[in-house]
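Worksheet for the structure shown next.
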Amino acid sequence: MATSDSVFNSDLLLAHKLPETQYTYNERDVAIYALGIGACAQDAVDSDELKYVYHENGQEFVQVLPTFSTLLIVGSLVKGLDLPGFKYDPSLLLHGQQYIEIYKPLPSKASLINKVSLAGLQDKGKAAILEIETKSYVQGSAEPLCMNRTTVFLRGAGGFSNSSKTFSYKNYPSNQGLAVKIPKTQPTVVSEERTQPSQALLYRLSGDYNPLHSDPKVAKLAGFPRPILHGLCTLGFAIRTIIKCVCKGDPTAVKTISGRFLTTVFPGETLITEMWLEGLRVIYQTKVKERNKAVLSGYVDIRGLSSSL
Ligand SMILES: CCCCCCCCCCCCC/C=C/C(=O)SCCNC(=O)CCNC(=O)[C@H](O)C(C)(C)COP(=O)(O)OP(=O)(O)OC[C@H]1O[C@@H](n2cnc3c(N)ncnc32)[C@H](O)[C@@H]1OP(=O)(O)O
């Protein structure tokens with residue numbers, strides 16, 4: 001719970017302007033990210049995946065996975081944020097949800113400006129739910145390239161509401177990023193992939209160096225028996241699989257992605273992703289095979305559907 005030295009001040013918090021950040025990346029970052037989310041891990045010459053790490057005409061032609069856009073925010077936010085009027089313990093932070101809109105195909109290299117804002121804060125008693133929105137623009141362009149909304153679950157930071165009315169602030173449409181209902185029917189497609197025991201160590205090279213994912217002592221302090229996989233790595237596995245199974249390997253087919261992290265994944269576990277096609281929406285659920293537990297669920301909206309499905 002919030003302590004007396006951390007009195008919540010909603011006026012201060014809601015008036016606070018988060019600074020713009022910059023992010024520059026190149027083809028090497030794109031390829032390292034793709035390897036970090038398991039591209040080519042089962043088959044190094046899989047033509048649906050090799051294009052994310054290699055192109056015969058040169059690296060500038062590598063294709064960029066839509067979830068690469070999640071990295072644009074990590075550099076500036078992963079160490080946490082100083083928010084006036086609201087206190088939390090960053091070591092107890094868990095990634096709760098990610099919502100992504102892709103407006104244009106991501107280039108293989110770019111310099112970007114990120115406009116960051118507070119999108120939500122809710123007092124859930126035992127925890128606080130904080131949402132940060134990032135709109136990314138190629139430097140010099142007025143048109144956004146993509147938008148990411150990150151929801152973090154701040155364990156122990158709830159119970160801060162000043163009045164008898166529980167504090168709840170959200171500045172985006174209520175139908176965006178909701179938890180999905182998993183259909184009771186058989187999935188249209190199912191895919192299985194094992195993560196490597198070193199998966200988090202490889203994924204962190206893309207910029208999220210939080211020791212929760214690499215240091216056994218830090219993981220224990222945060223309440224886990226060993227380092228856990230980055231939520232965005234699990235999301236990357238699931239969306240790459242959906243692109244392969246539903247979008248005929250075309251990463252530009254993805255328009256919107258929503259994912260809720262249901263429980264933690266440990267590196268080395270096997271991910272089974274079940275997919276249901278509902279028009280141009282793919283509902284998906286990812287389970288850890290070894291524990292038969294759902295770890296991630298959400299939806300992907302696509303621009304078109306391959307005729308073979
Ligand atoms: C703050 C500064 C930073 C800001 C932005 C930073 C962005 C930086 C980039 C990314 C983040 C970096 C850090 C990364 C960390 C990780 O990757 S951690 C690994 C991935 N995440 C996980 O493994 C979490 C998996 N999920 C869980 O363990 C559980 O779902 C939970 C989050 C612990 C919640 O479970 P529980 O305590 O049992 O909650 P409930 O009692 O069921 O629900 C309480 C209310 O909270 C709502 N809720 C539940 N789960 C989520 C969720 N995943 N996301 C959002 N909201 C959630 C739930 O609906 C309940 O609300 P009400 O229904 O209104 O009561």
Side-chain angles (χ1 to χ4, degrees), residues 13 16 18-19 21 23 36-37 67 69-100 114 116-134 148-159 161 166-168 170 174 176-180 195 199-200 203-204 206-215 218-219 222-238 258-267 269 271 286-288 291 293-298:
L13 179 69
H16 181 63
L18 290 160
T21 63
Y23 186 85
I37 59 155
T67 47
S69 71
T70 59
L71 295 187
L72 313 181
I73 56 167
V74 166
S76 50
L77 296 177
V78 81
K79 291 193 190 88
L81 281 177
D82 272 337
L83 295 169
F86 177 67
K87 292 272 179 291
Y88 62 94
D89 178 351
S91 69
L92 296 178
L93 177 157
L94 285 175
H95 202 157
Q97 291 187 164
Q98 191 72 18
Y99 176 80
I100 308 168
N114 292 318
V116 189
S117 59
L118 178 73
L121 178 66
Q122 282 152 56
D123 187 348
K124 296 288 182 190
K126 63 179 178 181
I129 291 183
L130 178 69
E131 303 194 87
I132 303 291
E133 188 169 297
T134 309
N148 270 268
R149 193 178 305 119
T150 303
T151 304
V152 286
F153 192 89
L154 303 170
R155 292 175 291 165
S161 303
T166 304
F167 186 83
S168 179
K170 245 185 197 191
S174 57
Q176 285 184 356
L178 285 178
V180 291
T195 64
Q199 202 70 52
Y203 179 81
R204 72 196 287 275
S206 284
D208 185 346
Y209 294 105
N210 186 338
L212 175 63
H213 309 291
S214 50
D215 187 325
V218 173
F224 301 106
R226 59 194 170 97
I228 63 174
L229 195 59
H230 303 72
L232 290 178
C233 182
T234 309
L235 182 73
F237 264 80
S258 178
R260 178 182 269 225
F261 304 109
L262 305 171
T263 192
T264 39
V265 177
F266 295 100
E269 290 186 317
L271 301 176
T286 301
K287 289 179 178 163
V288 160
R291 290 181 282 141
K293 254 191 177 282
V295 292
L296 168 68
S297 67

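This is a predicted model, so every value here is computed, not measured. Counting starts at 1 for both ligands and their atoms, in listed order. Heavy-atom basis, side chains included; hydrogens, waters and symmetry copies ignored. For reference, positions follow the sequence shown, starting with 1.
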- With no hydrogens and no angle check, do the side chains of Asn114 and Thr21 hold a donor and an acceptor under 3.5 Å apart? yes
- Could you tell me whether the side chains of Glu131 and Thr151 share a donor-acceptor contact shorter than 3.5 Å? yes
With [atom] as the reference point, say which of [options] has the nearest heavy atom.
{"atom": "atom 55 (C) of ligand 1", "options": "Lys126, Gln98, Glu131, Arg260", "value": "Arg260"}
{"atom": "atom 20 (C) of ligand 1", "options": "Gly207, Gly231, Gly259", "value": "Gly231"}
{"atom": "atom 12 (C) of ligand 1", "options": "Thr151, Asn210, Asp208", "value": "Asp208"}
{"atom": "atom 27 (C) of ligand 1", "options": "Leu235, Leu94, Leu262", "value": "Leu262"}

- Please report the shortest heavy-atom distance between Tyr99 and Ser258, naming the atom on each side. CD1-CB, 4.1 Å
- Message: If I compare all heavy atoms of Thr264 with all of Arg291, which pair ends up nearest, and what's the gap?
- Response: O-NH2, 2.8 Å
Are the side chains of [X] and [Y] in touch, meaning some heavy atoms are under 4.5 Å apart?
{"X": "Pro267", "Y": "Tyr203", "answer": "no"}
{"X": "Val295", "Y": "Phe261", "answer": "no"}
{"X": "Pro211", "Y": "Tyr209", "answer": "no"}
{"X": "Val265", "Y": "Thr286", "answer": "no"}

- Task: Quick one: list whatever passes salt bridge (charged side-chain N to carboxylate O under 4.0 Å, His left out) with Arg226, sequence neighbours left out.
- Result: none
- For Arg155, which residues count as a salt bridge (charged side-chain N to carboxylate O under 4.0 Å, His left out) partner, sequence neighbours excluded? none
Say whether [X], considering both its backbone and side-chain N or O atoms, lies within less than 3.5 Å of an N or O atom on ligand 1.
{"X": "Phe261", "result": "yes"}
{"X": "His95", "result": "yes"}
{"X": "Gly96", "result": "yes"}
{"X": "Lys124", "result": "yes"}
{"X": "His230", "result": "no"}

- Task: Might you work through the side-chain hydrogen bond (donor to acceptor under 3.5 Å, both in side chains) test for Thr166 and Asp123, ending with a clear yes or no?
- Result: CA-CA 6 Å; Thr166 304; Asp123 187 348; 5.9 Å; no
Is [X] close enough to touch ligand 1? Criterion: a residue heavy atom under 4.0 Å from a ligand atom.
{"X": "Val295", "answer": "no"}
{"X": "His213", "answer": "yes"}
{"X": "Gln122", "answer": "no"}

- Message: Can you classify the ring geometry of His230 versus His213 as parallel (below 30°), tilted (30 to 60°) or perpendicular (above 60°)?
- Response: parallel
- Could you tell me the separation between the CG atom of Leu296 and the OG1 atom of Thr234, rounded to the nearest 0.5 Å? 7.0 Å
With heavy atoms of [X] as the reference, note each atom of ligand 1 found under 4.0 Å away.
{"X": "Val152", "result": "1 (C)"}
{"X": "Leu229", "result": "19 (C)"}
{"X": "Thr150", "result": "7 (C)"}
{"X": "Ile228", "result": "18 (S), 19 (C)"}
{"X": "Tyr88", "result": "1 (C), 2 (C)"}
{"X": "Leu130", "result": "1 (C)"}

Quick one: does ligand 1 sit under 4.0 Å from the side chain of [X], the backbone, both or neither, non-hydrogen atoms only?
{"X": "Thr264", "result": "both"}
{"X": "Arg155", "result": "neither"}
{"X": "Leu93", "result": "side chain"}
{"X": "Ile129", "result": "side chain"}

